[in-house]
Structure formats: structure tokens, C-alpha cells
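Okay, so here's the structure we're looking at.
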Amino acid sequence: MKKKIDFVLNGEKISMEIDPLKRLLDVLREDCSLTSVKEGCGEGECGACSVLLDGEIVNSCLIPVGTVEGAAVETVEGIRESENGKRIIDAFAEEGAVQCGFCTPGMMVGAEWILRKYENPTSDEIRTALSGNLCRCTGYDMIISAVEAAAKGGRK
Amino acid sequence: MNNISTPVRRLDAVEKTAGYTKYIADRDFGDLLYGKFLRSERPRARLVSVRKPALPDGYYIIDKDDIPGENAIHMLGADWPVFADDEVRFIGQSIALVVGPDRKVLEELVNQFEVRYEDLPAVLSLEDSMALKGGALHNDDNCYADYHLLKGDPDRAFEEADHIYEHTYETGPQEHVYMETQGFVGVWEDGKVHLHGSLQCPFYVRHAVTPVLGVKDDGVRVTQAPTGGAFGGKEHYPDIISTALAVAVDKLKKSIGIFYERGEDIVNSVKRHPSRITIKTALDKEGNITAMDFDSILDGGAFESCSCIVLQRTIFHATGVYDIPSTKLRGRALATNHIPFDAFRGFGAPQAIFALETHMDHLAEMAGVDPVAYKERYFMKKGSVTITNGKIHEEVKLPEILARAKEMSDYDRKAKEYGKGGNRGIGLSFFNHGGAFTGNGEKAIINAHVKVRKRADDVVEIYVSNVEMGQGLMTTFSKIAAQTLEIPIEKIEFIQPDTDIVPDSGPTVASRSIVIVGTLVGKASAKLKKQWVDGEEITVWQEYEEPDFVIPWNQDTFQGDAYPSYSWGVNVVEVEYDPVTFEVSIVGLWNVYDVGVPIDRMIVEGQIEGGLVQSLGWAYLEKMEFKEGRIQQRTMADYVIPTTLDVPAIENDFILNPYPEGAFGAKGAGEIVHNGGAPAFVSAVEMASGKRFDTIPLTPERIMEAGR
Amino acid sequence: MSESYRPESLDELLKLMDEKDLIPFAGGTDLMVQNAAPVLPGFKKDVVFLGHLKELQQIRKEGHDLVIGAAATLSAIESHPDTPGLLREAVALIAAPALRNRGTMGGNICNASPAGDSIPPLYALDAKFRLQSRKGERVVKAEDFFKGPGRTDRKKEEILKEIIVPLKEWNIKKYRKVGTRAANALTKCSITAAAKVKGGRIDDISIAFGAVGPVIVRDRTLEQNIKGLTMEEMKEKIPSILSDYSAIIVPIDDQRSTAVYRKQVCLNLLKDFLEQDMKG
């Protein structure tokens, strides 16, 4: 049954009548047209659907929208224009971190989370932080370099 | 102008990172119905009856009776039906497609079908297949292909041998796990079916769909959507989805989407061919290899698909980078009631290279020699005769590649220090990969055409049917055109492949895109440059021309040059082994390649690293088992691919060796990167554990069970 | 189609649990996978969200115990300064950060998967669970709580409120998870082992194995046999200790591993613990 849910999406308060059990992933894609959030597996294994929930990285495929009542949700659409966001995009392009691109928005959310959490992340910290974001194209190395570069504010 | 290898920013990088790129499931097609397959639950059975559920308004069932043309999917053969007719051959085979607006209702409807089967004896192993269990599935011998090759005088060599070593090597299936699952949307537009999909080969899809609908070539339109990874998994499998979808769109005249969920994709899409390769080696008194005899068997699964072509690549790579004086080979692709096996990066070569390299390691061990030193003695050189009695036409730079790889990895010191069974190991593999279609296929089968068009605003458009699927093709093709025309890359526009718009430059497969089609783009651009007039519209066409130096290919006897050129590589893998849990961790990875001249070093390094990690996944993590024909690892939690913590930082380098026929000297690079990871890994684990192995995935369970 | 409830307080939650037959939903990282379906998750019953209740998120020291609210996330437990090392190690290896930011220990416990990674340390550390209903509360020992895969001692109207972990002093500790890969992995088998050795004598020892039976394997009688031994005596007894454990570790074959492997690795890890870890 539909209920009224209020939460903050990319900095804006929103309110919707919706079934609270609907996955946040589907709400973002279908009801909010935020298609940067991808479904890669639907079981919390791949990280393509990563979003920030109250500043922490989570899998939006495992979250019923009813549980984000009052919380702040951020997707790539809300991050890409920010200072950090631009730096991450730049670093990903510069370091060769992008191939097919399907995991990349999720990686970008991960990168943003890392940049907020660590001032100077080591490559081990980056690898651990991104261990739930799978990529089948790159072998990860260039993604790790990109996050390092973004954290340093430019090319490493 | 810059050196062609100097990296540029990929043209699609920013859009993809920032989430602007619309993959097929991201696009808004207006009122879209969904399609869901009813699938076989049995590996082999006669379909006695299919009782359809009562349908709510707005729901439809599409099956074999709705097909206006042939119920056959045209790939190479046409044995795979769109919808099962009177029998099913594997678990997951399409029986019908249910179409309607609500995906939940579709699932319920699929569950309400009552399918009655009469089970037949299922062919669940290569042994079953060879024994023709339950009667042959294909022809009268279950062989999709049974090939023979002969070079030199192997019989005599075996007769005169001082010692013969024979062993069998096996590899498992591999699931592609492209991050974007299979997805297609069909719309009825301008009186015909227009298919949009995540795919590698727009013209393959068209080729498959037109006979099913009974229409002419241009009676169907296929447009590639941005493709979130493919690796061969979107070469032929899209034919399976799109044929059924096209029948539904053609009948209902409505827009319909089919989007696989991950579990559905893992269980029902094609996989890499499992292999069983037996190698028998003849050695003379001095311990020199005088001949090799191969028996190479691939599990082809329930339908032919492209198993024959995959097998050709397996057998043409049987001796890898080595010049073996005499060879004899039998290669078979066998029919079973497993899911059909199909294209996967490397296309049969990784299986051959794994068997060969591991076999060579064991020969070296028996000879008491370091495997690298042992293998070096047999390196091919310019002029070497290949397994198909063709020739190596290029300078083989393996010694330079090896020297650089040793320098980067400190191989010699480590190999000496670690010894056998000291829980640390380093392994090194040698491999090559023939560029483009086998034999004369590029001329006889494909005969690629490309079009380059300068608009009046002096922007140059590239029209090809090869797709960007992550490998960087949009950027490398644009780079070739820009560099040739001496204009900025911003002045190049890569046209989204669409069968109504672009010429057929062939499929995006076989490491052919750069070396064949990229070269044509370069030639067309050169022509355009000569005709260039500012502000005028000019269109230039270029057709494929076969190099004149090749030894002509005979497709019946498989004699001649199987490939005009090869790329070459070395992978070095260093591991740590835990004898308590039998687990292995990878601690070092180094790669050196001759891919001619890399068109963009960073893009090629991306291929090298991604391909290596995929190959390592196949080597030790990615276990897929069949039980009574049913896949056991059905989720991404159970079919595990490498994470950030499974692989360390990777170092790469190139040895330049310009190929005169390739654009800017380039050769293929997309697939060779999957050829060497597995044998290098296994070699390292053999050193670390002191055990000997012959089967991948080399899981801790297998390591435990292996004797010394 | 399922209904969902979102109580504003613990009292309201207990009232709902009393009146209805509900699935308690904390982080949902297991439930959402188990009930995945097109369009909407297909829960068999109505669902009550409780992850947001502050009363259930607290982690605090109480005397010689650490009390962990059932809805505390795995990340919160991982980063809490008072979390015992063995538990922290186990929690830090569950799935990946995104999942740990959402998954809770209460959920991990009530899901009662034989491969649930926080459970073996709770067995080994003698943890107890506080269950609450409208009628009152009761405390159950970890090993009495689990009845089999997916089955627990929790009654329909009860919720798991807190996990009570005694903060004992162990001077030798070992946690090892053997998973399907280096990270984001499901467990093939695991060992959690701890000992207190004073003056060359084993005062206390605790050994638990995960993912090798319908519930966690811990045997107090076998531990009792080791307690009181000197290190030298224990070393001599290693073969018989291994053979004792061999009899009670009875794993299965599944899509992730084999019974033979699981058993062998558990015994190897135990041997390694007794021989190597207990050296110093």
C-alpha cells in the first residue's frame, strides 16, 4: 500500500506517495529519472547501484524506500557538479578508469565517499573501500589511480 | 602531431562517469511492454504439451506458431530454434515469450504454464557425447566439428622417440559477467521492426532476425545502444533474444523490452567453452621436443552457435609461440545437453595456451630446467612454419619481450630464491594471438566496408558497424582518423552503429576492429585528405584489401596462413600460498606485449589489465559446475569474479613492432590479453606449493586434492 | 502484497509485534536478497522496519560486558573502540563497506545462516542475546538460540533487542575466514579461537567453527579437556584433540565448496592455532 515518504534527494526535500517496500534503486530510476544508478545484480554484490545515504555508501538495491524516511540520499546527479565531483570525473577520464562505464557511476559514488572519509587515502584504503564495487573491464588498477589522483586534487 | 600511442582522454569517459550515458535500460521508450521467457526445465526432453495460462487483458503469449518465417536462428549454422519446437535440448531454452505491461504479472504467468516433458537420456559429459548417449544430438557423431592437422612427420618422430610424455588438461566454463546484463527493446517504426540493444554485432542480429520474420535485409533495423561490457557474450547471444523479440514486435506492433536480471543472465546466457586437451610429446635422447600430438575437445553445448570457429582458433593456437618440428592434431567440438557455449574473449585460444604452457612447464620440470629457459629454445622466429604450414612473416620479438618482463618482475632472482614448495612462487607464460578472422575470412566472409564523410562544417563522421563496448573503439577510431587527417579529434564524430545507416564493416570480434577496420578508417581518411576542400561535403568509401604476402588459405584443408599477423605477450604472476587453507593470493603482476604499435597506450593498457584479471578469475575463482545439466552457481554471490582486493597493482610495457598492414603499425590487442593469465598463475602456484596441476579453475579445493 | 510498518518507538514496535505476525526488518541486507522479485520484493508476511530506532542502535559498555543494540550496523560495531578484537575482525570481513553500512548484527543473528560471519565469534565469546516482547524480556545464550539454518528460539512476538558480549581477557586469539575470494565473499568455513594462558598453563580456551554445520560448532566438553593442561601437555595431545574435533565437524558439499575441503581446512586451522598461535 502506498504511503507518504519524505526524504532529501541530492539536497532537495522531496515527498512521494509510494509503496514503502519499493527498492530505493527503482524509486530513483523510475520515479526520479536518476539513471546514473544502475542495476548490476540486484543482490548487493556488485555496487553498480551505490548511493550515499546520510553520507555513507550503501547498495540502493537492498533498501526499501520506506526506510529512508527523513534521510539524505545522494546520487551521481547530485555529486557531479560539486568541487569533488568535478575532480573525480576529471581524474577518472585522465587515468583511464573508464571502459564500458556501467560500473563507473557506482565507482564515482565510492570515490566521493572515500574523498569525504579520508584526507589522504592510501591505495590499500581505496581498494578496501571499493571492494564491493565490481568492475569487469579494467582490472581496477586505473580506478584506484584515479581515486588517488582525485584525492590529491589532480594527476598523481 | 603527436605520437599515435600518446594517451588522449577517451571521448566517452566524462559522460559515462557522470552518469549521462543512457544504456538500454536507462532510456525512455514511452509505453513499453515487457517480455519474459518461458524456459525449458529439462536438459533433454520431448515437449509433449504446453498448456498456456489464461491471459489478463493486455498480455500476450508468443511462441513458435507466431513466427512468420523460419523457426531457426541463423548464426553460422541455424540449428538453434527461436522457440523450442517438439524437443528441448538444454535447461533454459526458450519455449515461449510472455508479453505485457507488469513484470510481476509476467512472472506469475510464466509460472502458470503447464509444460509436460517426456525426458530423454541427457548428454551431460564429453563421455556421454562420444558414447552417443540417447542417440546423437548432432549429425550422427555428435561432432559440430572434427578437424585434423598435420605438420612434418609426427608418426616417425613418435616412433623414434626416446621418451614420450602425455597428459590431459582441462578448463571450466566461464561466464562473461559484463556488468550490464543483456537487454533489448524492439519498436515498430516505419513499417518495420527496429531493435535497440546492448550488442557487439548489429549485422549479426539483422542476419539472425530477417529469416525469422521472412523479410529482406533492410526489413529490420538494428541500432546498438551503449554497451556495458560484452567480452563475446554479446556476439551471438543477442541473436537469441532479438529473434524472439522481433517476432513479438512484428505481431503486436508495440514497443517491447526484454531486460535480463542478473540471475537470469548467469543461468541462461552462453559461456566460454570448457575444454579437455590431451598433449603427447615426443622427446629425443637429448631431451629435445621432436613432435607433439594434440587431442583438443571442446564442449559445444546444446546447439552449434559458433563452436566450429572457436575450435578453429583453439587448434590454430595449439603450439602457441613455439616452433615444434612435427605436429599432429585432432580437434572436436562435441554436442551435449549443457547450455550452448559460445564466444568469450580469446575465443578458444586461452584453452589451448593453458594446456600447452602447463604441459611445457611439466616437461621443463622433468628435464630439471627452469621453465622459461626450457621454453625459450622453441620460440618461433620470422619464417617459422606454423601448425597449418603457413609462415610467420613478422619479426618475432619474444626475446626482447622476455628480457623486459624479467627486468620488471625480477623473475630470475625470484625463481631461483623461491624454489619448489616454499609457499611463494612466480610464473611466466608466453603466448600469441592471431589478428582478425581466421584464414581468408576477412575477404571471403566479411569483406568489410567503411565510410568516412566530411560534412560541410568540416566535421568528419566515421561510419562503421563496429561498436564501442568499453574497449575504447570510439576513441581509437577517431584518433586514427584525426591523426591521418591532421585535424583535432574534436572534429571527428563517431556515428552510433545502426544497420540502416552504417555499412557492414563486420562484427566487433576477433581482435579485428583496429587491425582490419581501423586500418580501413585510416585508408579512407587518407583518401579524404587528398580530396579535402574546406566547406564541402565529401564522402569516401574503403573496402578491405587482403595483404599480398600471405600464403593463400584453404578453408577445406586448413592449410596456409591462418592469420597474417600475430600479437605476442608475456604475463608474469607472483603468488603467496597458504598451506593451511590452500588459498593463493596474487602479489605481483607484470605484462609485456608486442601489439605492433598501440593506438593509445592507456587504452591498450586498460585491455591488458582487464583481460589479465578476467583470465586470472577464470584461472582460480570462477567456478561454474553443472549438475544434471543445471548450473549450480546461479548468482553473483556464488559465481565470483575478482574484486579490488583479489589483485594487486599491475605493471605493463610494450615492445614496438610496427605491422605494415595495420593502421599506424597496430595489431590486435583485445583478446590476447586473456591468453596468458591462467598458465602463469598455475605455474606460480606449482612453484609455491610444490604440487603439479592440470585443471582450472585451480580452486583451493583442487590444490588440496592434488597429489605431489 | 505485503504491508510495511514503521514504528516510532520501541514500545510501538513491541505492540505491533504482539498484535500482528511480522517480519522484523533491520538493515534488510539478507531479507531483500531472499525476497527479491520483479517490481516489489515478495515478502511472505508483513514487514516491520526497526533499523531506524535509536533505542536499538546503541553500543555501550556495561560492567564487564559490551552491549550491542540489535540494529547497530556492522560498520558501527567495526569502528567501536570497545568491540572485542575477534568480533571486530569477523565483522570487518563481512561483505563490503556498502553492505556493512546497512547490515546489522541483530539481522545477521536472526537470519541464522550457518555462514553468518558474526555468529562464530559470539559463540566463542560466550555472548548472550536479550529478547524482548510486550510481556517482558529474557536472556538466551548464543548456543541455545540457534536451532538450525534460518531457525531460532525467537518467538513471534519477540524482537532481539541486544547482544551481550562478555569482555573477557584472552591473551591468544585467532580469527580466520576462508571465503570464496579475498573480499565481498561468502564463507566456506571459519575458525574463531581464543585462549587464556598463564604461567604456561591453559586457564581457558574457546573454539568455534563457522559454516561447517547447520549451526556453529563449539564443544564445551572438548574445551574442558584442554583446560588446565600445561602447554607441553597440550602439544602432546594435539593428535587426539584433532581427532576429537574431526568427529564433530561434519560439513556438506555445496556450490561454494566441498565437505572434504571444509573439514580439512578447519582441522588445519585448529592445528595451526594449537601449534603456532599458542606458541607464545
Side-chain angles (χ1 to χ4, degrees), chain B residues 34 36 100-111 259-264 266 576 578-587 613 616-617 620-627 630-648 697 699-705, chain C residues 1-2 29-30 32-42 92-99 113 115 174-191 193 251 253-277:
Chain B
Y34 297 95
K36 180 107 188 142
D102 186 325
R103 287 174 293 141
K104 195 147 209 133
V105 176
L106 288 179
E107 180 168 87
E108 284 158 15
L109 289 172
V110 165
N111 291 333
F259 306 101
Y260 277 18
E261 282 156 16
R262 178 59 66 180
E264 186 180 15
I266 290 180
E576 275 172 11
D578 181 345
V580 174
T581 62
F582 313 102
E583 291 173 295
V584 176
S585 39
I586 299 170
V587 296
V613 171
L616 292 168
Y620 82 116
L621 291 177
E622 299 179 27
K623 179 177 75 175
M624 180 167 271
E625 299 160 312
F626 287 87
K627 204 165 165 183
R630 187 179 299 275
I631 290 169
Q632 299 300 295
Q633 289 73 24
R634 306 173 73 82
T635 66
M636 274 179 81
D638 286 335
Y639 185 83
V640 293
I641 63 170
T643 69
T644 50
L645 291 174
D646 290 283
V647 282
T699 57
E701 287 80 358
R702 281 216 166 94
I703 297 177
M704 178 188 81
E705 280 156 19
Chain C
M1 227 179 289
S2 301
T29 51
D30 284 322
M32 290 295 278
V33 177
Q34 290 157 1
N35 298 286
V39 188
L40 282 176
L93 287 173
I94 295 176
L99 195 128
S113 161
K174 182 188 192 74
Y175 176 77
R176 179 72 187 264
K177 161 176 169 166
V178 179
T180 48
R181 62 185 163 198
N184 206 7
L186 290 167
T187 300
K188 294 176 179 176
C189 61
S190 73
I191 186 171
D253 283 333
D254 66 11
Q255 72 276 22
R256 280 170 220 145
S257 189
T258 63
V260 180
Y261 174 81
R262 288 179 158 122
K263 181 166 186 157
Q264 184 65 57
V265 168
C266 282
L267 295 174
N268 285 0
L269 286 166
L270 176 59
K271 185 162 177 257
D272 198 49
F273 174 69
L274 299 173
E275 282 180 355
Q276 301 300 322
D277 298 86

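First the proteins, then the strands, lettered A, B, ... as listed; each starts at 1. Worth saying up front: this structure is predicted, and the values here are computed from it rather than measured.
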When B:Tyr639 is tested against each of B:Gln632, B:Glu622, B:Gln633 for side-chain hydrogen bond (donor to acceptor under 3.5 Å, both in side chains), which residue passes?
B:Glu622
Between CG on residue C:Asp272 and CD on residue C:Glu275, distance to nearest 0.5 Å:
7.5 Å
Counting only heavy atoms not in C:Lys271, do more than 12 fall under 6.0 Å of its NZ?
no
Among B:Lys104, B:Arg103, B:Glu701, B:Glu261, single out the residue with the greatest number of heavy-atom pairs under 4.5 Å to chain C.
B:Glu701
Given heavy-atom pairs under 4.5 angstrom as the criterion, report whether the side chain, backbone, both or neither of C:Arg176 touches chain B.
side chain
Of the backbone (N, CA, C, O) and the side chain (C-beta and beyond), which part of C:Leu40 lies under 4.5 Å from a heavy atom of chain B, both, or neither?
both
Ranked by heavy-atom pairs below 4.5 Å to chain C, first place among B:Val647, B:Thr699, B:Thr581, B:Thr644 goes to B:Thr581
Hydrogens and angles aside, do B:Thr643 and C:Arg181 bring a side-chain donor and acceptor to less than 3.5 Å of each other?
no
I would like to know whether C:Asp253 and B:Lys627 meet salt bridge (Lys or Arg N to Asp or Glu O under 4.0 Å); could you show each step before the answer?
CA-CA 13 Å; C:Asp253 283 333; B:Lys627 204 165 165 183; over 6 Å; no
Pair count under 4.5 Å, heavy atoms only, with chain B: among C:Ala96, C:Cys189, C:Ala37, C:Ala183, highest is C:Ala183
Judged by modelled atom types alone, do C:Gln34 and C:Asp30 share a side-chain donor-acceptor pair under 3.5 Å?
no
Does any heavy atom of chain C fall under 4.5 Å from the side chain of B:Pro700, the backbone, both, or neither of them?
both
Tell me, for B:Glu107 versus chain C, whether the close heavy atoms (under 4.5 Å) come from the side chain, the backbone, both or neither.
side chain
Here the pair of heavy atoms bringing C:Leu269 nearest to B:Val580 is CD2-CG1, 3.7 Å
Identify which part of B:Lys623 has an atom lying under 4.5 Å from any heavy atom of chain C, answering side chain, backbone, both or neither.
side chain
Under 4.5 Å to a heavy atom of chain B? For C:Val33 that would be neither
Chain C contact via B:Ile641 - which portion, at a heavy-atom distance below 4.5 Å
both
What heavy-atom pair brings B:Thr635 and B:Ile266 nearest, and what distance separates the two atoms?
C-CD1, 3.5 Å
Using non-hydrogen atoms and a 4.5 Å limit, figure out which bit of C:Leu186 sits close to chain B: side chain, backbone, both or neither.
side chain
